[in-house]
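Okay, so here's the structure we're looking at.
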Amino acid sequence: MISEFSISPQKFKGSLNLSLTINSGQTSQPPWKKGNFYFQELIMIDDAPCLVKIRHDDADPEGDLEIIAESPENMTEKTIETSIREIFDLDHDLNRFYQFLGDDPKLAPTIDFCQGMRLFKAHDPFECIISSISSANCSIIRWTRSIEDIKRKWGDGYRFSSGDFYTFPSAEVLSNVPEHDLEEMQRAEDNLPDDFVFERNLQACGVGYRAKYIIKAASIVQSEINLQKLSKMKYEKAVDTILELPGVGPKVADCILLYGFGMGEAFPVDVWIKRIIEDLYFPGEELKPQTVREFGMERYGKWAGYVQLYLFHYARKSGLLESLRKK
DNA sequence: CAACAGGCGCTAG
DNA sequence: CTAGCGCCTGTT
């Protein structure tokens, strides 16, 4: 089944900068792959695989969001559109958010740098959990490659005319993966050539010491945490639940709840957000990360997650980030 | 080559 | 409770 349709910008509130949204380094998932003018990714819709190709002229606010979807199963445009609206947060009213930003002199300058940027939400919450754990103490490019490696090695592959795509493996599959070369060697048959390269283990994906956290977290998600229930919890309770996972501290927990479960009141605080908030609101002072988190949640309320996204991108593009390096 | 960035787990105080 | 170290990979 191939379906082709478009979503008019009148059908979502405010602007959209699709490439900025996809490439802004949010820990929900790696950026979608660009090919032939379309960003593409394989997503599961009602348990069926669907390759979604999406395209938008970011310079033209009147331009439609164009979509082509390919699936071995039959599915309606409506269900596909619902998934896309969710992933690119199209039902979020950016105009109202910009009013909110405009009312805070510290935040108003972010608007021009971030026009049309939206949350890039996870199509697979479990992938988001592992992405976020992998991102801790790690560069964007590094964790992105790790997640792509994991998908290629243990996900289900599907072949489309535009290439091969892989799902993210289930918690059950990932919890049974070898941690490092030695473990893979021990599990392997004896009759391997001397120069055999062991690479079907998690550390070979470049996740380093996080490999054991990832395997344990996968095991706990599989046996003890119901992700459906988690998405319906109040934020505070959801934080306590997700913090039980190894490799998940305050910052990673907030990323998971923001990008993976759409809890907009989460305010993930990394060293950069900490420095930015200190610089803007408490010049000369040093705050604890927890204090910054409370400040952000209190001051920004339901917009906190978006403010975090906008502040970071603004700081990066305006040169503020560079000036905050090494203080 | 060495020094350092990055968030979390762990231990010592 | 908090301060401070080590983890792994990549950059300077």
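By convention in this document, chain letters (A, B, ...) are assigned in the order of the sequence lines, proteins followed by strands, and residues within each chain are numbered from 1.
Contacts of Val248(A) with the nucleic acid, taken as non-hydrogen atoms under 4.0 Å apart, involve only primed sugar atoms and P, OP1 or OP2. Within the 4.0 angstrom heavy-atom criterion, only backbone atoms of the sugar-phosphate kind lie near Leu245(A); the bases stay farther away. At a threshold of 4.0 angstrom between heavy atoms, the contacts of Pro246(A) are confined to the sugar-phosphate backbone, with no base atom among them.
Distance Ile273(A) CD1 to dA5(B) C1': 17 Å, rounded to the nearest Å. Rounding to whole angstrom units, CD1 of residue Ile133(A) and C1' of dC8(C) are separated by 16 Å. Lys212(A) has its NZ atom 7 Å from the P atom of dC8(C), to the nearest Å. For the pair Ile214(A) CD1 and dC7(C) C1', the interatomic distance rounds to 14 Å; values are reported in whole Å. If you measure from atom NE2 of His180(A) to atom C1' of dT9(C), you get 17 Å, rounded to the nearest angstrom. Between the C1' atom of dC7(C) and the CG atom of Leu202(A) lies a distance of 16 Å, rounded to the nearest Å. Ile140(A) places its CD1 atom 11 Å from the P atom of dG7(B), with the value rounded to the nearest Å. Per the geometry, CZ belonging to Phe267(A) stands 14 Å off P belonging to dG7(B), to the nearest Å.
Residues Met117(A) and Ile87(A) fall into different hydrophobic clusters, defined by Ile, Leu, Val, Met, Phe, Trp and Tyr side chains chained together at heavy-atom separations under 4.5 Å. Residues Phe5(A) and Phe39(A) share a hydrophobic cluster, clusters being chains of Ile/Leu/Val/Met/Phe/Trp/Tyr side chains in contact below 4.5 Å.
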- Message: Run Lys212(A) and Glu183(A) through salt bridge (Lys or Arg N to Asp or Glu O under 4.0 Å) and show every step you take.
- Response: CA-CA 12 Å; Lys212(A) 57 165 61 65; Glu183(A) 189 183 342; over 6 Å; no
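Not one side-chain nitrogen or oxygen of Arg142(A) sits closer than 4.0 Å to the OP1 or OP2 atom of dT9(C). Note on Arg210(A): every side-chain N or O is 4.0 Å or more away from OP1 and OP2 of dG9(B).
At a cut-off of 3.5 angstrom, counting only N and O atoms as typed in the model, there is a donor on one side and an acceptor on the other between the side-chain of Tyr209(A) and the base of dG7(B).
Ion pairing between a basic and an acidic side chain is recognised when a charged N comes within 4.0 Å of a carboxylate O; Arg152(A) and Glu148(A) show no such pairing.
Checking dC8(C), dT2(C), dG7(B) against the side-chain heavy atoms of Lys288(A) singles out dT2(C) as nearest. Closest to the side chain of Arg145(A), from the set dG10(C), dG7(B), dC8(C), is dG10(C).
Using a 30° and 60° split on the angle between ring planes, Tyr158(A) and Phe160(A) fall in the tilted class, from 30° to 60°.
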